[in-house]
**Student:** 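Mind looking over this structure? Questions follow.
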Number of protein chains: 2
Amino acid sequence: MKQKDIKIPEATIKRLSTYINCLERLDDKGCQVVSSELLGESCQVSPAQIRKDLSYFGEFGVRGVGYATKSLTEEIKVILGLDCIWPTVLVGVGHLGHALLNFTFFREHGYRMVAAFDSDPGKIGTEVEEGLHIQPIEKLVETASREKAAIGIVTVPASSAQSTADLLVEAGVRGILNFAPFKVRVPDNITLRNVSIVSELDNLAYLLSNKKPRRRLKKKK
Amino acid sequence: MKQKDIKIPEATIKRLSTYINCLERLDDKGCQVVSSELLGESCQVSPAQIRKDLSYFGEFGVRGVGYATKSLTEEIKVILGLDCIWPTVLVGVGHLGHALLNFTFFREHGYRMVAAFDSDPGKIGTEVEEGLHIQPIEKLVETASREKAAIGIVTVPASSAQSTADLLVEAGVRGILNFAPFKVRVPDNITLRNVSIVSELDNLAYLLSNKKPRRRLKKKK
DNA sequence: AACTTATCGTGATAGTTATCACAATACCCA
DNA sequence: TGGGTATTGTGATAACTATCACGATAAGTT
């Protein structure tokens with residue numbers, strides 16, 4: 001038996017999430033066992049990459065056979081921490097916030113939206129989802145800490161992103177997912193992830209502007 | 001004079017997009033000149049990283065002084081291909097689609113939404129933005145090719161993501177930004193980017209599940 | 001039980017990306 | 001005009017990540 005402290009690439013974690021997605025689809029199609037080749041085909045990742053990713057966490061397959069679809073799905077969920085429920089709050093119920101609240105996927109995959117907040121008085125009280133009424137920002141700290149929210153989703157405009165993040169930290173959330181186009185600052189003990197939709201589009205524009213993507217002429221004096 | 005064919009890291013492109021964002025904010029604050037240190041402070045990237053990123057494309061700064069805020073912004077826009085207008089169409093006007101259509105940022109930064117489509121007959125004709133009426137999916141190929149759409153944004157459910165992508169390809173778009181939780185397949189000459197909101201959340205869950213993020217115990221037989 | 005086949009798990013290797021340290025140089029001021 | 005200061009641009013290096021190639025091994029077959 002060997003035990004080693006090793007580093008897990010962030011890219012690996014991202015892929016694990018997509019593996020779950022593909023595995024569930026394959027399971028729906030009736031595949032009880034998948035090879036790394038089939039799974040790779042399905043989610044457009046090389047078979048070796050999949051095996052490597054999984055090997056960081058243990059041995060989940062059977063040589064000569066493959067992986068049991070259902071149990072591998074469960075194993076990956078455990079790895080990602082999706083075997084428990086993460087109480088989550090969302091701040092800023094604009095279109096994007098609404099989209100996330102209605103995203104049934106969350107409910108089925110380890111997250112539970114326990115509260116939603118907005119600064120627009122006209123929205124307060126609106127039921128955005130079964131049993132979930134929009135609350136004023138002023139209630140954020142009180143409600144989120146009472147509900148023991150662990151994750152806060154920020155879908156407010158850039159101008160109020162930082163103050164929103166501050167409130168979430170005060171309310172005791174451990175992680176923040178920020179969709180506002182502003183890099184907020186949080187204490188070291190808070191985990192932060194920024195999602196920049198604009199960057200994704202800009203990346204596309206860059207690739208389209210260059211015939212040979214990822215290559216370019218470098219000019220120096 | 002030296003000229004070399006070198007590879008640009010994808011991460012560099014992503015950062016360039018955020019540099020624009022930070023530079024515009026600094027410019028609003030009255031900073032006419034920024035050092036890599038100040039810019040780095042503002043967008044949470046190391047100064048050396050910023051200089052390296054820029055050095056792939058040329059020399060934009062003045063030693064001992066820094067970078068002219070406005071002109072650096074323009075230079076980066078040129079690098080990313082944002083100095084021209086990208087005609088863009090969006091398919092699937094749910095909450096997320098709506099959010100993107102109303103995102104004024106796009107209009108101001110190189111993209112123009114030329115059409116929006118949805119399969120729900122009840123939505124057809126609705127004006128989602130000044131002068132932009134939702135059209136039926138059946139009109140996609142005709143309208144998008146007439147408008148010479150270069151980019152297609154997919155915000156439909158996973159089940160119709162592939163067929164939507166196929167239509168966009170048929171309409172002649174060169175790039176697709178896919179928000180559906182399904183990895184669509186496109187011909188080699190089409191540039192594709194997948195945005196997985198669920199993966200971002202899952203990543204957060206993983207980090208929260210592990211005290212020391214990015215490190216873990218490895219167990220082997 | 002030996003042989004064959006399929007497919008995993010992983011050490012070694014190649015490739016990519018970030019960091020570092022410092023030479024280069026523009027501006028300021030005496 | 002020369003010396004000091006600030007800050008860039010970049011080669012070298014370190015760190016990280018993906019790919020490859022193959023040994024290990026489970027199941028089926030004769």
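Note that the coordinates shown come from a computational prediction; the quantities given were computed from them, not determined experimentally. Lettering follows sequence order; numbering is per chain, from 1.
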**Student:** May I ask you to decide whether B/Glu10 forms a salt bridge with B/Arg15, counting only side-chain N to carboxylate O separations under 4.0 Å?
**Tutor:** no

**Student:** Parallel, tilted or perpendicular: which one describes the rings of A/His95 and B/His95, with boundaries at 30° and 60°?
**Tutor:** tilted

**Student:** Can you see if the side chain of B/Lys7 gets near the phosphate of C/dT17 - specifically, an N or O under 4.0 Å from OP1 or OP2?
**Tutor:** yes

**Student:** How many Å lie between OH on A/Tyr19 and P on C/dC8, as a whole number?
**Tutor:** 12 Å

**Student:** Would you mind reading off the distance between A/Leu72 atom CG and C/dT7 atom P, rounded to a whole angstrom?
**Tutor:** 15 Å

**Student:** Which one, D/dT19, D/dA18, C/dA18, comes nearest to the side chain of B/Thr12?
**Tutor:** C/dA18

**Student:** Only one of A/Arg51, A/Glu41, A/Gln49 clears side-chain hydrogen bond (donor to acceptor under 3.5 Å, both in side chains) with A/Ser36; which?
**Tutor:** A/Arg51

**Student:** OP1, OP2 of C/dG9 versus side-chain N and O of A/Tyr67: anything below 4.0 Å?
**Tutor:** yes

**Student:** Under 3.5 Å, side chain of A/Ser160 to main-chain N/O of A/Val156, donor-acceptor pair present?
**Tutor:** no

**Student:** Hey, which of these two, A/Ala48 or B/Leu54, hits DNA chain D nearer its 5' end, going by closest nucleotide?
**Tutor:** B/Leu54

**Student:** Nearest to the side chain of B/Ser35 - D/dG9, D/dT8, C/dG9?
**Tutor:** D/dT8

**Student:** Between C/dT17 atom C1' and B/Lys14 atom NZ, what is the distance in whole Å?
**Tutor:** 14 Å

**Student:** Would you say the side chain of A/Leu208 lies within less than 4.5 Å of the side chain of B/Trp86, judging by non-hydrogen atoms?
**Tutor:** yes

**Student:** Quickly work out the A/Lys52 NZ to C/dG11 P distance and round it to whole Å.
**Tutor:** 7 Å

**Student:** Once you round it to whole Å, what is the distance between P of D/dT17 and CD of B/Glu10?
**Tutor:** 14 Å

**Student:** To the nearest angstrom, how far is A/Phe60 atom CZ from C/dC8 atom C1'?
**Tutor:** 13 Å

**Student:** Assuming nearest nucleotide by heavy-atom distance, tell me which of B/Gln49 and A/Glu37 is located more 5' along DNA chain C.
**Tutor:** A/Glu37

**Student:** Okay, side chain of B/Tyr111, backbone of A/Asp202: is any donor-acceptor separation there less than 3.5 Å?
**Tutor:** yes

**Student:** I need the CD-C1' distance between A/Glu59 and D/dG23, as an integer number of Å.
**Tutor:** 13 Å

**Student:** Under 3.5 Å, which protein N or O atoms sit close to an N or O of nucleotides 26-30 of chain D? Give each pair with its distance.
**Tutor:**
{"unit_1": "D/dA26", "atom_1": "O4'", "unit_2": "A/Arg63", "atom_2": "O", "d": "3.4"}

**Student:** Name the closest nucleotide to the A/Arg51 side chain, picking from C/dT7, D/dA21, C/dA18.
**Tutor:** D/dA21

**Student:** Could you work out which one of D/dT8, C/dG11, C/dG9 sits closest to the side chain of A/Ser55?
**Tutor:** C/dG9

**Student:** Just the rounded figure in Å: distance from P of C/dT19 to CD1 of B/Ile50.
**Tutor:** 11 Å

**Student:** Inspect the contact between A/Glu24 and A/Lys77 and indicate whether a charged nitrogen and a carboxylate oxygen are less than 4.0 angstrom apart.
**Tutor:** yes

**Student:** Picking from D/dA18, D/dT8, D/dT10, which would you name as closest to the side chain of B/Ser36?
**Tutor:** D/dT8

